[in-house]
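What follows is a short report on a single structure.
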Amino acid sequence: MKPAAFEYHRPNDLQSALALLKEHADASVLAGGQSLVPMMNYRLAQPEHLVDINRIADLDYVREDGAKLAIGALARHNAVKSAPLIAQHLPLIAHAYEWVAHAAVRNRGTLCGNLCHADPASEMPAIMQILDAEMVLTSSDGTRLVPATEFFTGTYETVRVSGEMLTEVRIPKPPADSGWGFEEVSMRKGDFAWAAVACMLRVDNGKIADLRIAAAGVGDSAQRLTGMETTLNGQTPLVQRFEVAAREAAAELDPPETASVSAAYRRDLICALAPRALNAAVSRAT
Amino acid sequence: MKKLAIELTVNGRVRQALVPPRMLLSDFIRQELALPGTHVGCEHGVCGACNVLVGGKAVRSCLIFAVQLDGADLKTVEGFGGAEELHPIQQAFWEEHGLQCGFCTPGMLAAASELLAETPDPTDQEIREAISGNLCRCTGYEYIINAIRSAARKLQAQDAQETAEAV
Ligand SMILES: Cc1cc2nc3c(=O)[nH]c(=O)nc-3n(C[C@H](O)[C@H](O)[C@H](O)COP(=O)(O)OP(=O)(O)OC[C@H]3O[C@@H](n4cnc5c(N)ncnc54)[C@H](O)[C@@H]3O)c2cc1C
Ligand code: FES
Ligand code: FES
């Protein structure tokens, strides 16, 4: 239960951090440490070099960037949760953060660290996918932008390669008339989701438009439920229709079977949570 | 292993130390600072017994390396008050039976202290939320919630008195 030895680096600016990541192929970024340090305590992770980004004050921001909000690598969960810009444009994020861990963990943990950790039962990876967020991956060789829908590749796996850092997440401001819903069931509030559903939509002439819906806790990684999107877009919002579409979506999922909760129960949760999230989104969309 | 020099404020006193990078803050507090009031339950962030205040914010001391605290302001349970003079939050825990074995108490105090600094008059829901990351195996939580409610009243009364005296 003690971490293995490592070499500690504490750069004061991004360029030095990127240079260190390039120089040491097996270096890990240390952000909030709320996922990495437990893994190190268990010796599931034994990085030889840690690049602590906590002194790079330039990375600590939530700011407006034209039609997008930009969230920097050092923006902590609680800072994002309570940011006025988030309350104004993306209340879904503030709301869903109520289900992410507990105050003391959110005081340290960062949104970008959470996304890089890519736990399949983690809420924010699902939310980034329905918001069409863009991940800004930076290395000393340059920057590439990856859509959130292509970022997560499996359990604890993303497209990020060694030497790269997730320096920023960019989220388009949703149209003012869109509505959102978020529902989760976990063993205790603040625990990882047994199943969670997030969605965003507009109601256009009485019909659902631009529906994006995603689930966490029911596969190798958070995923968009594209079948539901195709079925429901252009339809009038009806509870029965939501329930049928949710059952079809649940049947196609391959949720994990764990000691505390079965795959069948997780599927049942999707059948219950997706219609609730959709109803909430419809009533918010005006 | 190479040790690194750090300097930090611990319960109001400046302390210097040499630490190996892999030393967890919880071990540093208990073994190097010899302050055993901070308890270690799970060492992976789940139980909250190891919560301490860093810059006034509650954090898990088992999920942060001591070397990261260079320049920081750390407060452990020993910084609240001693047996002769309890801190109002401690006094409230004492009066309301907010502890039995006391293992969870240092972490509860850190969580309560952060809550009451930001929200002097919290609702029951806010109190429950604030301690949702702290496990207690003895009290059933109700007495802890009562204690934090009572602590809020004590701190508010203390504030009012200080303001009156200052005028
Ligand atoms: C008790 C407890 C309950 C929790 N409950 C939840 C929950 O319900 N839902 C949830 O989603 N999470 C939960 N978490 C995890 C928490 O949200 C973490 O804060 C988060 O997963 C990781 O963020 P971090 O900043 O702490 O990253 P770290 O732990 O520092 O890093 C995590 C991983 O990402 C890498 N990394 C970090 N930042 C970057 C970056 N900018 N670029 C590239 N790589 C990077 C690290 O090298 C490491 O591999 C919980 C944690 C605890 C301890
Ligand atoms: S010992 Fe740190 S949270 Fe349990
Ligand atoms: S008093 Fe015993 S664990 Fe809380």
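The sequence lines fix the lettering, A, B, ..., with proteins before strands; numbering per chain opens at 1. Reckoned from all heavy atoms, side chains included, excluding hydrogens, waters and symmetry mates.
Under a cut-off of 6.0 angstrom, the local environment of OH in Tyr143(B) is sparse, with at most 12 non-hydrogen atoms contributed by other residues, nucleotides or ligands. Within a 6.0 Å radius of CD in Glu165(B), more than 12 heavy atoms belonging to other residues, nucleotides or ligands are found.
Within the 4.5 Å cutoff, the side chain of Arg106(A) has no heavy atoms near those of the Lys57(B) side chain. You'll find the side chain of Arg60(B) reaches within 4.5 Å of the side chain of Gln34(A), heavy atoms only. Residues Arg188(A) and Leu135(B) form a side-chain contact, since some pair of their non-hydrogen atoms from C-beta on lies under 4.5 Å apart. Side-chain contact between Tyr8(A) and Gln68(B): present, with at least one pair of heavy atoms (C-beta onward) separated by less than 4.5 Å.
When atom types are taken as modelled, the side chain of Asn41(A) and the backbone of Leu63(B) share no donor-acceptor pair closer than 3.5 angstrom. Not one N or O on the side chain of Arg108(A) forms a donor-acceptor pair closer than 3.5 Å with the backbone of Ala58(B).
Arg22(B) and Pro3(A) get closest at one heavy-atom pair: NH1-O, 2.8 Å. Listed here is the closest heavy atom pair of Val37(A) and Cys62(B): CG1-O, 3.7 Å.
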Stepwise, does the side chain to side chain contact (heavy atoms under 4.5 Å, CB included) test hold for Asp70(B) with Arg55(A)? CA-CA 11 Å; Asp70(B) 188 24; Arg55(A) 299 291 166 110; 4.1 Å; yes
Where do Lys2(A) and Glu43(B) land on the salt bridge (charged side-chain N to carboxylate O under 4.0 Å, His left out) test, with the steps shown first? CA-CA 8 Å; Lys2(A) 303 289 173 197; Glu43(B) 243 170 21; 2.5 Å; yes
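The residues Lys189(A) and Glu129(B) are annotated as salt-bridged, a charged nitrogen and a carboxylate oxygen being separated by less than 4.0 angstrom.
Leu115(B) does not touch chain A: none of its heavy atoms, backbone or side chain, sits under 4.5 Å away.
In this structure, OG on Ser35(A) lies 12.0 Å from NE2 on His44(B), to the nearest 0.5 angstrom. One finds the CG atom of Asp52(A) at 9.5 Å from the CZ atom of Phe65(B) (value rounded to the nearest 0.5 Å).
Among Val67(B), Val54(B), Asp27(B), Ile64(B), the residue with the largest count of heavy-atom pairs under 4.5 Å with chain A is Val67(B).
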